A.B. asks: 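Here's a structure for you.
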Amino acid sequence: MSVENWIELLVPIIGIIVAAFSAGFTYYFTKKQQISADESRLKEKYYLNCIEALSYIVVSGNSAKALDKFADVQNQLLLVGSADVVAKLMKFHDYVKASNSENFVAERHDELLTDLLKSMRKDLYKSRKVNVDYPIIHLSGKSSQR
């Protein structure tokens, strides 16, 4: 077999191998991106549920039902949230729990809530710049003052 024959044989084989590797890499990276997008949507859902539960506490005036709803949402975030979100959530929880009511200061509450929301935003948007110039926030409601 001459060199030309070998080349004629190897060119299509190399083309098939390159196409197979290309298809495999494309599938892998597409699947990886899809999983990441699904994870972001799931986190966004749970983070929005958390904000809704916190808002419900404010609007309801700390009703038992609202506190139970927040407890459920908080416990779910322990599974879904990033390590930073969970750490900030635990700090916020420890500060607002009933046993710490005599030490409650609205400004500290707002700082911890802002830190929690910033960590959620950072986890969702994967950008360091997402929280640049993000202000200290507080939730609105009929009993937003303690």
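In this text the structure is predicted, and so the values were computed from the model without any measurement. Along the sequence shown, residues carry numbers from 1.
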A.B. asks: Nearest 0.5 Å, what's the CD1-CD1 distance between Ile13 and Ile17?
C.D. replies: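 Ile13 CD1 to Ile17 CD1: 7.0 Å, rounded to 0.5 Å.
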A.B. asks: Mind running side chain to side chain contact (heavy atoms under 4.5 Å, CB included) on Gln74 and Leu89 for me, showing each step along the way?
C.D. replies: CA-CA 8 Å; Gln74 176 181 293; Leu89 178 65; 3.6 Å; yes
A.B. asks: Output the distance between atom CD1 (Ile35) and atom OG (Ser40), rounded to the nearest 0.5 Å.
C.D. replies: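 If I round to the nearest 0.5 Å, the distance is 12.0 Å.
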A.B. asks: Do Leu54 and Leu113 come within less than 4.5 Å of each other through their side chains, counting heavy atoms only?
C.D. replies: yes
A.B. asks: Please lay out, stage by stage, how Asp38 and Arg41 fare under the test salt bridge (Lys or Arg N to Asp or Glu O under 4.0 Å).
C.D. replies: CA-CA 5 Å; Asp38 290 345; Arg41 277 191 292 278; 2.3 Å; yes
A.B. asks: Are Val80 and Val85 co-members of a hydrophobic cluster defined by side-chain heavy atoms under 4.5 Å apart?
C.D. replies: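 Yes; Val80 is reachable from Val85 via cluster members.
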A.B. asks: Is it true that the side chains of Asp72 and Asn75 contain a donor and an acceptor less than 3.5 Å apart?
C.D. replies: no
A.B. asks: Any donor and acceptor pair, going by atom type alone, linking the side chain of Ser60 with main-chain N or O of Ala66 inside 3.5 Å?
C.D. replies: no
A.B. asks: Test of understanding: clusters of I, L, V, M, F, W, Y form through side-chain heavy atoms closer than 4.5 Å, transitively. Do Trp6 and Val18 belong to the same one?
C.D. replies: no
A.B. asks: Apply ring-ring contact (aromatic ring centres under 6.0 Å, His included) to Phe92 and list each qualifying residue two or more places apart in sequence or on a separate chain.
C.D. replies: His109
A.B. asks: Just wondering, do Ser82 and Met120 contact through their side chains at under 4.5 Å, heavy atoms?
C.D. replies: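 Side chain of Met120 against side chain of Ser82, heavy atoms only: no contact under 4.5 Å found.
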A.B. asks: Could you see if Ile137 belongs to whatever hydrophobic cluster contains Leu124? Use Ile, Leu, Val, Met, Phe, Trp, Tyr and a side-chain cutoff under 4.5 Å.
C.D. replies: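 Cluster IDs for Ile137 and Leu124 match.
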A.B. asks: With a cut-off of 6.0 Å (strictly less than), are more than 12 heavy atoms of other residues, nucleotides or ligands near OH of Tyr125?
C.D. replies: no
A.B. asks: Could you tell me whether the side chain of Val132 reaches within less than 4.5 Å of the side chain of Lys129, counting heavy atoms only?
C.D. replies: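 Lys129 reaches Val132 side chain to side chain.
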A.B. asks: Grab the two heavy atoms, one from Gly81 and one from Tyr47, that are nearest each other, plus how far apart they are.
C.D. replies: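 Reported closest heavy-atom pair: CA-OH, 3.4 Å.
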A.B. asks: Would a 4.5 Å heavy-atom cut-off, applied to side chains only, mark Met90 and Leu78 as touching?
C.D. replies: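 Met90 vs Leu78: side chains touch.
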A.B. asks: Donor-acceptor pair, distance only, cut-off 3.5 Å: does the side chain of Ser101 make one with the backbone of Ala98?
C.D. replies: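 Answer holds: yes.
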A.B. asks: So, does Ser36 use its side chain to make a donor-acceptor pair with the main chain of Lys32 at under 3.5 Å?
C.D. replies: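 Judged by distance alone, no pair lies under 3.5 Å.
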A.B. asks: Which atom names give the shortest non-hydrogen contact between Asp84 and Ser119, and what distance separates them?
C.D. replies: OD2-CB, 3.1 Å
A.B. asks: Determine yes or no for a side-chain-to-main-chain donor-acceptor pair under 3.5 angstrom, with Arg121 supplying the side chain and Asn131 the backbone.
C.D. replies: no
A.B. asks: If you define the side chain from C-beta out and look only at heavy atoms, does anything of Leu117 sit under 4.5 Å from Ile51?
C.D. replies: yes
A.B. asks: Between atom NZ of Lys91 and atom CG of Asp94, what is the distance when rounded to the nearest 0.5 Å?
C.D. replies: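 Answer rounded to 0.5 Å: 10.0 Å.
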A.B. asks: Check for me, please, whether Phe104 and Ile57 land in the same ILVMFWY cluster - side-chain distances under 4.5 Å, paths through other members count.
C.D. replies: yes
A.B. asks: When you compare the side chain of Thr114 with that of Tyr134, does any pair of heavy atoms fall below 4.5 Å?
C.D. replies: yes
A.B. asks: Take Glu52 and Lys69, measure what side chain to side chain contact (heavy atoms under 4.5 Å, CB included) needs, and give me the verdict at the end.
C.D. replies: CA-CA 10 Å; Glu52 181 182 335; Lys69 180 179 177 181; 3.1 Å; yes
A.B. asks: Starting from the C-alpha separation in whole Å, work towards a yes-or-no answer on salt bridge (Lys or Arg N to Asp or Glu O under 4.0 Å) for Asp123 and Lys43.
C.D. replies: CA-CA 8 Å; Asp123 190 31; Lys43 285 182 178 188; 3.1 Å; yes
A.B. asks: Find out whether Glu39 and Leu42 are in side-chain contact, i.e. whether some heavy atom of one side chain is under 4.5 Å from a heavy atom of the other.
C.D. replies: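 Result no, sub-4.5 Å side-chain heavy-atom pair not found.
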A.B. asks: So with a 6.0 Å cut-off around NZ of Lys126, is the heavy-atom count from everything else above 12?
C.D. replies: yes
A.B. asks: Any heavy-atom pair between the side chains of Val86 and Leu77 that's under 4.5 Å?
C.D. replies: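 The answer is no, as the side chains (C-beta and beyond) never meet within the 4.5 Å cut-off.
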A.B. asks: Linking I/L/V/M/F/W/Y whenever their side-chain heavy atoms sit closer than 4.5 Å, directly or via other members, would Tyr46 and Val73 fall into one cluster?
C.D. replies: no
A.B. asks: Under a 3.5 Å distance rule, please check whether Asn100 uses its side chain to pair with a backbone N or O of Tyr95 as donor and acceptor.
C.D. replies: yes
